[in-house]
Number of protein chains: 2
Amino acid sequence: MLARYNHSTRILLALDCIVFGFDGEELKLLLIKRDFEPERGKWSLMGGFLNEDEDLEVAANRILYDLTGLKDIYFEEIKTFGEINRDPVERTVSVCFFALINIHAHSQDAAKAQNAFWISLKDRPDLIFDHSNMVDLALERLRYRAALHPIGFELLPEKFTIPQLQKLYEAIYDTPLDRRNFSRKILSTKLLIDTGEKNENSATKKAILYKLDQEKYQRQFNAFHYFVSDFKV
Amino acid sequence: MLARYNHSTRILLALDCIVFGFDGEELKLLLIKRDFEPERGKWSLMGGFLNEDEDLEVAANRILYDLTGLKDIYFEEIKTFGEINRDPVERTVSVCFFALINIHAHSQDAAKAQNAFWISLKDRPDLIFDHSNMVDLALERLRYRAALHPIGFELLPEKFTIPQLQKLYEAIYDTPLDRRNFSRKILSTKLLIDTGEKNENSATKKAILYKLDQEKYQRQFNAFHYFVSDFKV
DNA sequence: TTCAAAACGTGTTATTATGACACAATTTTA
DNA sequence: TAAAATTGTGTCATAATAACACGTTTTGAA
């Protein structure tokens, strides 16, 4: 054994992830129906432990990949939960983060292997440990971020319409938004490119399909936009 | 030994804290001149290890108390740093947070006991490990938060003038602000109460001393205010 | 074939917020 | 007593916002 610090407490470090998805109508969570101990049969977030030879960020990507089959997922760290008794099995400190994915793009097989299911936010069950608190905080953070930064696009397919984007924002904030003001706001960011196509799935007037200007998105990511202008955190 | 998870990796968990202070002119950091190993003689952030019987948040308060003699300090978690080789002594994951204190209110004795000194942000030395990255991130986060939330008050004494507050914001963003627009902005929040007193230390026109409307501050904390309206994150 | 219903795209207007700038008042000191 | 520094308040043109109206496209029922 090499040199070590003279401090006895070494702790199991977990990561727990809130995965948000959007089906066009509602905001959803990818939750695990546990077929393993502890708390078998109950619902929880997807999680895992940090390995000895693994960066924390690498571990987060690994856990997301195991759950969704996707790489390069958008995620943000939220908070590290470290109450003594948060895990009844053993003292565990958990680094918690949320991820945004296109609900139609992930691997069904990967989700199935983890016994994971999409659950509407409005129907969310009680979760084990402090996972419900984590979801509360994730939702708060998502609202905070999405009000100012264009992260909502991460939840949509490559091509999307402005009404779809609006429905997403309405789902995130659980509030109706004015169609005309929202459209003006979004278009003023110049982040959207008209693909020339229209949404053929519509039963009424077909909406214009846009795609994100990826280059401008990366460049302007940190500029405030106030997507939901009357939103108070 | 009670039940444990079947996972071998248990890790030393550290906390590192960026303490910001403001002396009326410049934004400063409370840094440690290390008289202990490792990296004796170099500069670092104040830190410590999480104890077995201690909540993470309690540990953060303990570390801040040991450094400043203050309780109920304003602090926010920033990020958990978990790269494999971030600490050359032993794998250590560090929960990093920043704190804001009134530079004149803390205990000189406590700081002296920790060999801590106030260093202007502009003169900041290289720090050990990844502590310089932590400071960068803390500053970014402070700017982000202070642009939208009235946390700047945490750095000032109980009674302060609007010009003092403006100097603080100018120090945080390292940019000049328009005196008249800033004043209008701040007063429009209705967070300031005129104490009826004036700043007797001034060599010219004495500015009005205000105090924070604590009740309204707590209530409105999460409302956006855009204190620095042309600030881009 | 036509018309009603639903959803989409764009425009108008009053109000408020912002950014740039001017001027008068206070205090100390030369 | 006047100059210099600093503070408090005001103005104005422009931009952003919130509330609201109208015409267009598309489907499907009459």
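In what follows, every chain begins at residue 1, and chains take the letters A, B, ... in the order their sequences are listed.
At a threshold of 4.5 Å between non-hydrogen side-chain atoms, the residues A:Leu139 and A:Phe20 count as touching.
Summarising the geometry, the separation between CD on A:Glu197 and P on C:dC8 is reported as 17 Å, rounded to the nearest angstrom. Between the P atom of C:dT28 and the NZ atom of B:Lys198 lies a distance of 12 Å, rounded to the nearest Å. Regarding B:Gln164, its CD atom lies at a distance of 11 Å from the P atom of D:dG8, rounded to whole Å. B:Leu177 places its CG atom 15 Å from the P atom of C:dC21, with the value rounded to the nearest Å. Across the protein-nucleic acid pair, A:Asn201 atom CG and D:dT26 atom C1' stand 14 Å apart, rounded to whole Å. Taking atom NZ on B:Lys185 and atom P on C:dT16, their separation rounds to 15 Å, with Å as the unit. Between the CG atom of A:Asn199 and the P atom of D:dT27 there is a distance of 12 Å, rounded to whole Å. Following rounding to the nearest Å, B:Ile186 (CD1) and D:dG8 (P) show an atom-to-atom distance of 13 Å.
Outside the 6.0 Å centre-distance limit, the rings of B:His149 and B:Tyr74 are not counted as a close aromatic pair.
Between B:His106 and B:Trp118, the ring planes lie perpendicular to each other; the angle is over 60°, past the 30° to 60° tilted range.
Within a 6.0 Å radius of NZ in B:Lys206, more than 12 heavy atoms belonging to other residues, nucleotides or ligands are found. In this structure, B:Asp194 places its CG atom where more than 12 heavy-atom neighbours from other residues, nucleotides or ligands lie under 6.0 Å away.
Mapped onto DNA chain D by nearest heavy atom, B:Thr161 and A:Thr204 fall at different nucleotides, with B:Thr161 at the one closer to the 5' end.
Between A:Asn199 and A:Thr161, the side chains place no donor N or O within less than 3.5 Å of an acceptor N or O (distance only, hydrogens not considered).
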Close N or O pairs between protein and nucleotides 9-14 of chain C (under 3.5 Å):
residue: C:dG9; atom: OP1; partner: A:Ile208; partner atom: N; Å: 2.9
residue: C:dG9; atom: N7; partner: A:Arg179; partner atom: NH1; Å: 2.8
residue: C:dG9; atom: O6; partner: A:Arg179; partner atom: NH2; Å: 2.8

